[in-house]
Amino acid sequence: MPFDLASYMDERRKWVDEALDRCLPPSSAHPSAIHEAMRYSVFGGGKRLRPILILAAAEAAGCGDRRALPVATAMELIHTYSLVHDDLPAMDDSDYRRGQLSCHKKFGEAIAILAGDALLTLAFSVVSLEPFAHSPDDRRFAWIIREIAQAAGTEGMVGGQTVDILSQNQEVDASVLLYIHEHKTGALIQACLRLGGIIAEADPSTLEALTDYGKKIGLAFQIRDDILDVEGEEKQVGKDLGRDEAKGKITYPRLLGLDHSKRELRRLVEEATQALSSLPEGRTQPLRAIGEHIIQRRN
Ligand code: GRG
């Protein structure tokens, strides 16, 4: 029977949304402005791809239960913080996100900055709920914290965002573009795959396969994002499009052209799938289907 990715993702999206709802303070909790803004940004749409990748990676490594859910929830909080800050006037200056007004447009800049900060710090509090936090295996728990912090910080997402901002309207080559994409977007996605593996106590070769898949899928995801910025539909994507060109940003379509970018996207997803070939096929079905989904995604 063909694998039903839509049902798989719907079910896990529900787990993640329930976990997000449990960890976020109620909107009415004092000071309500910040809690309202956090909830507005987290629940205003979002595919929950990163948490689903963590759950699917844990499954590929043999852990099919919800053990990875706290870390999956934390990574969605960090991802949402990055979107809130990325939309700020000092960064991408976007009015729309996830099909609604961006956080600063709705609540003002100060609250949006604080909401992003609070989502990031809440993420680490949620990780402390991780089952390893309460077991004698505190080295594994420290490892999980380190993976998250490295992927989100200057060695990962913040580093990529910094080079992205400094490169606008500059002549940059393919190596800078690769650095930006692999760090700004790829680092968090790759970390999701590794975290799923670490939580499942994967052996070194399984962890390497997941890392390799994550690196390729992370870059593929961003290339698809570049392509959608050129030929996507604003209503479906849920944000302003055509902004990369307008802001003088370096992208795959700008560097290679649309057709070549699409070929590169497919090549990366094929290589990502190949990286999983040493793992049991039944357990990697979700990850392989997510790869195909990334090639075709419209939002
Ligand atoms: C502010 C430190 C800091 C970093 C921002 C991730 C990022 C770095 C900026 C976002 C800019 C952007 C739109 C990048 C393209 C790839 C990307 C992360 C798209 C949004 O992710 P989706 O499509 O979003 O998974 P949803 O809303 O579905 O969760």
Side-chain angles (χ1 to χ4, degrees), residues 9 12-13 16-17 20 40-54 72-73 75-104 109 112-117 119-121 123 148-168 177 179-192 217-230 232 234 236-244 246-247 249-253 265 290 293-294 296-299:
M9 290 182 76
R12 276 141 195 86
R13 209 174 282 132
V16 172
D17 282 352
L20 285 164
Y40 174 86
S41 299
V42 168
F43 292 116
K47 299 180 284 297
R48 312 297 189 226
L49 178 73
R50 291 152 193 80
I52 292 171
L53 281 170
I54 296 183
T73 307
M75 291 302 265
E76 183 64 21
L77 292 171
I78 293 178
H79 166 61
T80 307
Y81 124 73
S82 80
L83 299 180
V84 170
H85 279 192
D86 185 62
D87 289 340
L88 287 166
M91 298 226 195
D92 210 37
D93 195 12
S94 297
D95 291 352
Y96 291 94
R97 170 68 64 184
R98 293 178 161 174
Q100 60 179 10
L101 281 177
S102 48
C103 188
H104 68 276
E109 265 182 68
I113 292 168
L114 291 168
D117 294 342
L119 290 168
L120 175 61
T121 45
I148 299 174
Q150 284 177 342
T154 57
E155 290 169 66
M157 183 172 71
V158 170
Q161 179 81 344
T162 305
V163 176
D164 189 14
I165 285 173
L166 296 178
S167 303
Q168 278 170 33
L177 176 64
Y179 178 92
I180 293 170
H181 281 17
E182 283 186 343
H183 289 77
K184 185 179 86 168
T185 312
L188 218 58
I189 291 180
Q190 185 177 11
C192 288
I217 225 73
L219 181 56
F221 184 85
Q222 180 59 59
I223 295 177
R224 183 66 192 151
D225 208 77
D226 286 357
I227 294 169
L228 281 174
D229 195 66
V230 179
E234 228 153 71
Q236 242 174 343
V237 180
K239 61 175 185 177
D240 312 324
L241 297 179
R243 299 182 56 80
D244 293 341
K247 295 206 97 184
K249 279 197 184 189
I250 180 77
T251 64
Y252 266 76
L265 166 64
I290 288 171
H293 171 75
I294 285 175
Q296 285 153 20
R297 74 184 180 98
R298 305 230 147 260
N299 71 350

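For ligands, and for the atoms within them, numbers begin at 1 and follow the listed sequence. In this text, all values refer to a predicted model and were calculated from it rather than measured experimentally.
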Under a 4.0 Å heavy-atom limit, does [X] contact ligand 1 with its side chain, its backbone, both, or neither?
X	value
Asp225	side chain
Lys47	both
His79	side chain

Show which atoms of ligand 1 fall inside a sub-4.0 Å distance from at least one heavy-atom site of [X].
X	result
Ser82	1 (C), 4 (C), 5 (C), 6 (C)
Gln222	14 (C), 15 (C), 16 (C)
Val158	2 (C)
Thr185	16 (C)
Gly46	26 (P), 27 (O), 28 (O), 29 (O)
Tyr81	2 (C)

Should Arg50 be counted as touching ligand 1, given the test is an N or O pair under 3.5 Å?
yes
If you measure from [atom1] on [X] to [atom2] on [Y], what distance do you get to the nearest 0.5 Å?
X	Y	atom1	atom2	value
Ile223	Leu228	CD1	CG	12.5 Å
Arg12	Ile54	CZ	CD1	13.5 Å
Leu177	Tyr252	CG	OH	5.0 Å

Please check if the side chain of His85 supplies one atom and the backbone of Tyr81 the other of a donor-acceptor pair under 3.5 Å.
no
For Arg48, enumerate each residue passing the salt bridge (Lys or Arg N to Asp or Glu O under 4.0 Å) test, keeping only those at least two apart in sequence or located in another chain.
Asp17, Glu76
Selected option - heavy-atom contact closest to atom 27 (O) of ligand 1, from His85, Arg98, Met91
Arg98
Of the non-hydrogen atoms in Val42 and Arg98, which two are nearest, and what is the gap between them?
O-NH1, 3.6 Å
Distance-only donor-acceptor hits, side chain of residues 150-162, under 3.5 Å, sequence neighbours excluded:
unit_1 : atom_1 : unit_2 : atom_2 : d
Gln161 : NE2    : Asp86  : OD1    : 2.7
Thr162 : OG1    : Val158 : O      : 2.6

No-hydrogen, no-angle side-chain donor-acceptor test under 3.5 Å, Asp164 and Gln168:
no
